[in-house]
Amino acid sequence: MSATVKSGEAVGPEAGKTRATGARRVRAVRTKGGLSVRLDVRATAVGLLLLAGALAAAVALIGSGDYPMTPAEVLAALTGGGDAGQQYIVHDLRLPRVLVGLLVGVAFGVSGAVFQTVSRNPLGSPDVLGFAQGSSVGALTAIVYFQADAFGVAAGAVAGGVGTGIAIFLLAWKRGIHGYRFVLVGIGASAMLYAMVLFLMTKANIVEATRATTWMTGSLNGRDWDQVQPLAAVCAVLVPLLLLFGRPLRMLEMGDDAAYALGVRVDRVRIVVLLAAVVLVAAATAAAGPISFVALTAPQLARRLTLPRWLKGGGGGGGAPMPGPNLVLSGLMGALLLVAADWASQRLFGADQLPVGVLTGVLGGGHLLWLLATERKAGRV
């Protein structure tokens, strides 16, 4: 069994050597069992840096708060050291919040990469396509009409997100899913669902409206182990499943005809990955609220970090989709963005700590405007 390798890569007796392939450096490694794997040197280095950055931001976030702790004290408490007070602060108060942030960031990053790959459009993000609004409708329905507890609100958010995904998929289906039709249907659904959100807010009393507004902002405040465990279980199942579809997703970026010719069962792959990505988005939204623009921004940044230098000058086409879904890097970038944004929302605004969804909305909105401008300049919108 061997992995597909590009022209110019080291195989056979040359395995293990590093060669330049076009503008990229790829290392082919063969194990004693005969399995050969292809490692992109640049992508591997970027992935390690993103992982280190996400972990460093997590440690910094755990150390932030009314009782500040140094990184050394945080690491000591995480490994069983420190006094009883530090153990309580780290394990019971702050670690669940950070883990939710990391998991939500991974879920949004991976699902955003899937949507952008399937739609073959950089605007094909859960934020733009209405999935966050669908989850909001489900959560608000649970709050306003059923006075649901936290578990009920999470269940409503998941049901709303999954229902929205199925509806958009069915409305966009016409002998297959095509990128711009998928995006346009999603934008239309987003507008309709936002109107439903406003209607539900008018039906709520002051207590329910306050609770709903807090949830819709998107925040990691008050997150505990009750949010960590179900989200971790969903990510443990769906993220590896989507990674298994990495190669078919790469083929889909070349178009349905090319994917069919390469042996990809296009419709089956598209249904499976979209359903998994929708559930992933719904679970993340249920855990932290509709934190905006992480799913849009993370895959774009991850792809640009691994893009060959010769494409950055124009061959990549501004904001156009770039080769490969980069699911792992998108997930790591999402985790880094969300945890870093949560740290910044606590540290940079003094006593007026912002919910993380406010900061990601401001930064992500700026990124969306830049993306639209580059798409227009390239003649794609």
Side-chain angles (χ1 to χ4, degrees), residues 61 65 96-97 100-101 103-105 107-108 125-164 187 189-224 226-228 230-231 281-297 337-339 341-366 368:
L61 182 57
R97 174 187 182 132
V100 169
L103 291 170
V104 168
F108 280 143
S125 165
D127 309 294
V128 179
L129 300 182
F131 296 100
Q133 287 81 359
S135 294
S136 296
V137 169
L140 288 181
T141 300
I143 292 173
V144 173
Y145 289 108
F146 300 100
Q147 292 76 47
D149 57 10
F151 178 79
V153 173
V158 171
V162 173
T164 300
I187 292 174
S190 177
M192 294 176 63
L193 290 167
Y194 182 68
M196 292 181 66
V197 168
L198 296 180
F199 169 76
L200 289 169
M201 291 294 289
T202 64
K203 303 294 289 184
N205 59 40
I206 185 64
V207 176
E208 294 167 346
T210 301
R211 183 182 176 196
T213 302
T214 301
W215 185 88
M216 288 177 57
T217 302
S219 175
L220 298 177
N221 292 336
R223 297 304 180 263
D224 56 28
D226 290 337
Q227 284 83 36
V228 174
L231 181 57
V281 170
T285 304
I291 297 176
S292 57
F293 291 116
V294 174
L296 174 71
T297 305
L337 287 177
L338 189 52
V339 174
D342 193 38
W343 178 88
S345 67
Q346 292 188 54
R347 301 284 293 180
L348 300 184
F349 299 94
D352 300 323
Q353 296 183 3
L354 294 177
V356 66
V358 175
L359 188 58
T360 61
V362 172
L363 298 178
L368 178 60

| task | Please name the pair of heavy atoms, one in Ala154 and one in Ala286, separated by the smallest distance, quoted to 0.1 Å. | result | O-CB, 3.5 Å
| task | State the CG-CZ distance between Leu231 and Arg223, to the nearest 0.5 angstrom. | result | 11.0 Å
| message | Among residues at least two apart in sequence or on other chains, which ones pass side-chain contact (heavy atoms from CB on, under 4.5 Å) with Asn221? | response | Arg97, Ser219
| message | Please find the pair of heavy atoms, one from Val281 and one from Pro126, that lie closest to each other, and give the distance. | response | CG2-CG, 3.7 Å
| query | Any side-chain heavy atom of Val153 within less than 4.5 Å of one from Arg211? | reply | yes
| task | Give a yes or no on this: more than 12 heavy atoms of other residues, nucleotides or ligands lie within 6.0 Å of atom CG of Leu198. | result | yes
| Between Ala212 and Leu140, what is the shortest heavy-atom contact and its length? | CB-CD2, 2.9 Å
| Does any non-hydrogen side-chain atom of Trp215 lie less than 4.5 Å from one of Thr285? | yes
| task | Please name all residues satisfying side-chain contact (heavy atoms from CB on, under 4.5 Å) with Thr297, sequence neighbours left out, ordered by chain then number. | result | Phe293, Leu301, Leu337, His367
| field | Candidate list Val100, Leu61, Val104, test side chain to side chain contact (heavy atoms under 4.5 Å, CB included), partner Val339, passing option | value | Leu61
| note | dist Gln133:CD -> Phe131:CZ (nearest 0.5 Å) comes out at 10.0 Å
| note | side chain to side chain donor-acceptor pair (under 3.5 Å) pairs touching residues 135-157, sequence neighbours excluded, are Gln147-Glu208
| remark: Nearest heavy-atom contact between Thr213 and Thr217 is O-OG1, 2.8 Å
| Taking only residues two or more places apart in sequence, or in another chain, which ones meet Ala107 in a side-chain contact (heavy atoms from CB on, under 4.5 Å)? | Cys235, Leu280, Ala284
| query | How many angstroms lie between atom CD of Gln227 and atom CG of Leu220, to the nearest 0.5 angstrom? | reply | 10.0 Å
| task | With the side chain counted from C-beta on, respond yes when Val197 and Met216 share a heavy-atom pair under 4.5 Å apart, and no when they do not. | result | yes
| Set of residues satisfying side-chain contact (heavy atoms from CB on, under 4.5 Å) with respect to Met196, sequence neighbours excluded | Val137, Leu193
| Nearest heavy atoms of Leu338 and Gly101, plus distance in Å | CD2-O, 3.3 Å
| field | Heavy-atom pair with the smallest gap, counting every atom of Ser125 and Asp127 | value | OG-OD2, 2.9 Å
If you look only at distance, which donor and acceptor atoms sit under 3.5 Å apart when one is on a side chain in residues 356-364 and the other is two or more places apart or in another chain?
{"from": "Thr360", "atom 1": "OG1", "to": "Ser292", "atom 2": "O", "distance (Å)": "3.1"}
{"from": "Thr360", "atom 1": "OG1", "to": "Val356", "atom 2": "O", "distance (Å)": "3.3"}
{"from": "Thr360", "atom 1": "OG1", "to": "Gly357", "atom 2": "O", "distance (Å)": "3.2"}

| query | Hey, what do you get for CG (Asp342) to CZ (Arg347), rounding to the nearest 0.5 Å? | reply | 12.5 Å
